[in-house]
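Right, one structure below, let's go through it.
FYI, the numbering just counts along the sequence from 1.
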Amino acid sequence: MLSSALLAAILVVAVAFDLKERRIPNLLIIVGLLTALFFQGLHASWGGLLFSLQGFLDGLALLFLPFLWGGIGAGDVKLLAVVGAFQGPTQVFYTFLYMALWGGLIACLLLLWHRNLLSTLRRWGNGFRLGGVSFSAAARAGEKQIFFPYALAIALGALTQAVLVWWGI
């Protein structure tokens, strides 16, 4: 229970930094990882440490390709890895799925708010029809870029997973 509260606190701080400074500090990531390792090790000894490390590595792996493609920042990748260190390999995968759903919803809301949803959908439709979508074409075409604080989607995904586990779903 205490480890869940600490994860929630880390996520709140990460979201606040992402919203204000558009970054997630490495110090927060390090503190989060060490905290997860400590609590998992305390709870289940060496097995807990291995569980935590596997969750960390799985969290890194889940967002590694989107990071390489330029679709997400390194801080977001490391934040999901910290979530994995707390939750373990199976739960971080479900968090990843819920995070993707929340991220899609937030992206659509941001595009609606900035009145870019239709032009984005048209551009994607043309890209699919022509055989490829360029995600950075908006910046080159003069459309204003919209900042997306993805730590919020990660936090909402982790919260959704925690609630569903608590409800026994």
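When the side chains of ILVMFWY residues are joined at heavy-atom separations under 4.5 Å, either directly or via intervening members, Ile24 and Val31 end up in two distinct hydrophobic clusters. The hydrophobic clustering, which links ILVMFWY residues whose side-chain heavy atoms are closer than 4.5 Å, places Val77 and Leu27 apart. Linking ILVMFWY side-chain heavy atoms closer than 4.5 Å, directly or via other members, places Trp113 and Leu105 in two distinct hydrophobic clusters. By the rule that hydrophobic residues join a cluster once side-chain heavy atoms approach within less than 4.5 Å of another member, Leu19 and Val12 end up as members of separate clusters. Cluster annotation: Val92 and Trp102 are assigned to the same hydrophobic cluster (Ile/Leu/Val/Met/Phe/Trp/Tyr, side-chain heavy-atom contacts under 4.5 Å, transitive).
A heavy-atom distance below 4.5 Å is not found between the side chains of Val83 and Phe86. Contact of the Leu156 side chain with the Tyr98 side chain is not registered, since no non-hydrogen atoms from C-beta on lie closer than 4.5 Å. Residues Ile154 and Asp76 are in side-chain contact: their nearest non-hydrogen atoms beyond the backbone lie under 4.5 Å apart. With contacts defined as side-chain heavy-atom distances shorter than 4.5 Å, the pair Tyr150/Ile106 does not qualify. Between Thr95 and Leu80, the closest side-chain pair of non-hydrogen atoms falls below 4.5 Å. Contact of the Asn26 side chain with the Lys78 side chain is registered, since non-hydrogen atoms from C-beta on lie closer than 4.5 Å. Side-chain contact check for Leu79 versus Leu11: some heavy-atom pair is nearer than 4.5 Å.
Distance check: Leu7 CG to Leu2 CG gives 11.5 Å after rounding to the nearest 0.5 Å. To the nearest 0.5 Å, the span separating OG1 on Thr160 from OH on Tyr94 amounts to 14.5 Å. The line from CZ of Phe38 to CG of Leu49 is 10.5 Å long, rounded to the nearest 0.5 Å. If you take CD on Gln161 and CZ on Phe96, they are separated by 13.5 Å, rounding to the nearest 0.5 Å. One distance of note links CG of Leu33 with CZ of Phe56; it measures 5.0 Å at 0.5 Å rounding.
Remark: Phe17 engages no residue in a ring-ring contact (aromatic ring centres under 6.0 Å, His included) (not counting sequence neighbours).
Under the 3.5 Å distance criterion, the side-chain polar atoms of Ser52 are left unmatched by any main-chain donor or acceptor of Gly48. Looking at Asp58, its side chain never comes within 3.5 Å of a backbone N or O of Thr90 through a donor-acceptor pair.
When every heavy atom of Ile10 is checked against every heavy atom of Leu28, the shortest pair comes out as O-CD2, 3.8 Å. Nearest heavy atom pair, residue Gly88 against residue Phe51, reads CA-CZ, 3.3 Å.
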